[in-house]
Peer 1: 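Quick one: the structure is below, questions incoming.
These numbers come from a predicted model, not from an experiment. Note that ligands are numbered from 1 as they come in the structure, with each ligand's atoms numbered from 1 the same way.
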Amino acid sequence: MTTLPGTPGKLAAGSRWAVETHGLTKRFGANTAVNGVELLVPRGSAFGYLGPNGAGKTTLIRVLLGLTHADAGTMSLLGYPVPRHRDAALARIGAIVDEPRFYGHLTGRQNLRLLAAAREPAAQDRIGPALEQVGLAHRADDRVSKYSMGMRQRLGVAACLLGDPQLLILDEPMNGLDPAGIAGIRDMILSLVAEGRTVVLSSHLLDEVERTCDAVAIVDRGSIIRQGPISELLAGASIALQVECSEPARARTLFAGTTLGTTLGARIEPVPSALGLEITLPGGTGRDVIAEVNRVLVAGGISVYRLQPVQTSLESWFLQVTSRLEDPE
Ligand SMILES: Nc1ncnc2c1ncn2[C@@H]1O[C@H](COP(=O)(O)OP(=O)(O)O)[C@@H](O)[C@H]1O
Ligand SMILES: [Mg+2]
């Protein structure tokens, strides 16, 4: 790694976080688009910055890249404090914020040759592997004007790879793509992470973030509401326990006065098919509670055919934490 004069090279190499911000704030007049953001992106992760439109995702990325200044807070990228060491950091970062632009009458490979010519000599050697990695090798000699939107996005990432970045920042890379295009982006991101790079992507597509990322920050109105590994966040989400049993209507009444309803705050509802019940248990509920459900039913003379805990998807969990439904604007 080259080290700029005065750059804490060792510190940068040893930093655990690819992105670290504290109290990062950006205002547009009275509108706080980025509000005291404390973001920690682990190195080597696929990290989703997830939130609805207008949540402040693009603004955060623009602040990180120095395209607009922060009003308050500190940040470091790959361990380099920025803006102080922005050049050293940006030399190791590839980013796509706006739709990438290419010459339509040239092929994908020719476009990359032009871009590589403006970089260090090693960049020319990276063209082939970059095209391979983004899944464009077989279309590299077609004109870009014939590329789909997803292929242009992937060519944009190939252009980033000419600089051999440790961190890629992609703003809504799946926006406007069809399912095949989305799958192509997802595969590409997973292969970049498998090589040890860090990929931060912003998205309002909950399902895609859940499928692509290992860790996530959920942002709403400029503020991070929750962040961490998706598996840990979901552990705090409620669990739906599906119960298939005889006499579901009577089974429901058996729980009145048990600890299940009173202490745990479980919601017990009949399922539409009338084959049984669905019991919503709060996050962190232990397996012993499921055994207790079974005991109450059997003691009441109900035949239990099936007990199935179903983990909430990130989508319904997202609605739980943002409480959008109860707090319309
Ligand atoms: N250049 C700007 N000038 C004024 N307001 C802006 C500007 N850019 C973004 N905003 C506002 O900041 C908020 C966050 O926008 P943005 O970062 O684009 O959200 P997202 O990318 O999550 O959709 C929005 O309310 C938006 O209107
Ligand atoms: Mg945006």
Peer 1: Starting from atom 23 (O) of ligand 1, locate the nearest protein heavy atom and write down its residue, its atom name and how far away it is, to 0.1 Å.
Peer 2: Gly54 N, 2.7 Å

Peer 1: Checking only N/O/S atoms, does Thr58 have one that is under 2.8 Å from the Mg ion (ligand 2)?
Peer 2: yes

Peer 1: Would you call Gly51 a ligand 1 contact, heavy-atom distance under 4.0 Å?
Peer 2: no

Peer 1: Identify, by atom number and element, the atoms of ligand 1 in contact range of Asn53, meaning under 4.0 Å from any of its heavy atoms.
Peer 2: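 Result: 23 (O).
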
Peer 1: Can you figure out which of Leu60, Ile61, Thr59 has its heavy atom closest to atom 15 (O) of ligand 1?
Peer 2: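 Of the listed residues, Thr59 has the closest heavy atom.
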
Peer 1: What I want to check is whether the side chains of Asp171 and Ser202 have a donor and an acceptor closer together than 3.5 Å.
Peer 2: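 Present: a donor and an acceptor within the cut-off.
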
Peer 1: Using a 3.5 Å distance criterion without hydrogens, assess whether the side chain of Glu38 forms a donor-acceptor pair with backbone atoms of Gly23.
Peer 2: yes

Peer 1: Do the side chains of Pro81 and Thr74 get nearer than 4.5 Å, heavy atoms only?
Peer 2: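 Thr74 does not reach Pro81 side chain to side chain.
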
Peer 1: Could you find the nearest protein heavy atom to atom 9 (C) of ligand 1 and give me its residue, atom name and distance?
Peer 2: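 It is Phe28 CE1, 3.5 Å.
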
Peer 1: Should Arg186 and Met174 be marked as a side-chain contact (heavy atoms from CB on, under 4.5 Å) after you check the CA-CA gap, both sets of side-chain angles, and the distance that decides it?
Peer 2: CA-CA 8 Å; Arg186 189 194 311 135; Met174 292 150 175; 4.3 Å; yes

Peer 1: Please say whether Gly56 places an N or O atom under 3.5 Å from an N or O atom belonging to ligand 1.
Peer 2: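 Looking only at distances, the answer is yes, because the N/O contact criterion of under 3.5 Å is met.
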
Peer 1: At what distance is the nearest protein heavy atom to atom 18 (O) of ligand 1, and which residue and atom is it?
Peer 2: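 The protein heavy atom lying closest is Thr58 CB, 3.9 Å.
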
Peer 1: Give a yes or no answer on whether the side chain of Thr198 reaches the backbone of Gly44 with a donor-acceptor pair at less than 3.5 Å.
Peer 2: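 Pair found, side chain donor or acceptor close to backbone of Gly44.
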
Peer 1: Using a 4.0 Å heavy-atom threshold (strictly under), name the region of Val219 that reaches ligand 1: side chain, backbone, both or neither.
Peer 2: neither

Peer 1: When clusters are formed by joining ILVMFWY residues with side-chain heavy atoms under 4.5 Å apart, either directly or through shared neighbours, do Met188 and Leu136 land in the same one?
Peer 2: yes

Peer 1: Using the rule side chain to side chain contact (heavy atoms under 4.5 Å, CB included), only one of Val37, Leu60, Val34, Thr21 pairs with Ile224; which is it?
Peer 2: Val37

Peer 1: Of the protein's non-hydrogen atoms, which lies at the shortest distance from atom 26 (C) of ligand 1, and what is that distance?
Peer 2: Asn31 ND2, 4.2 Å

Peer 1: Side chains of Leu277 and Phe255: closer than 4.5 Å at any heavy-atom pair?
Peer 2: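 Side chain of Leu277 against side chain of Phe255, heavy atoms only: contact under 4.5 Å found.
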
Peer 1: Just jot down the ligand 1 atoms closer than 4.0 angstrom to any heavy atom of Ala33, in number order.
Peer 2: 12 (O), 13 (C), 14 (C)

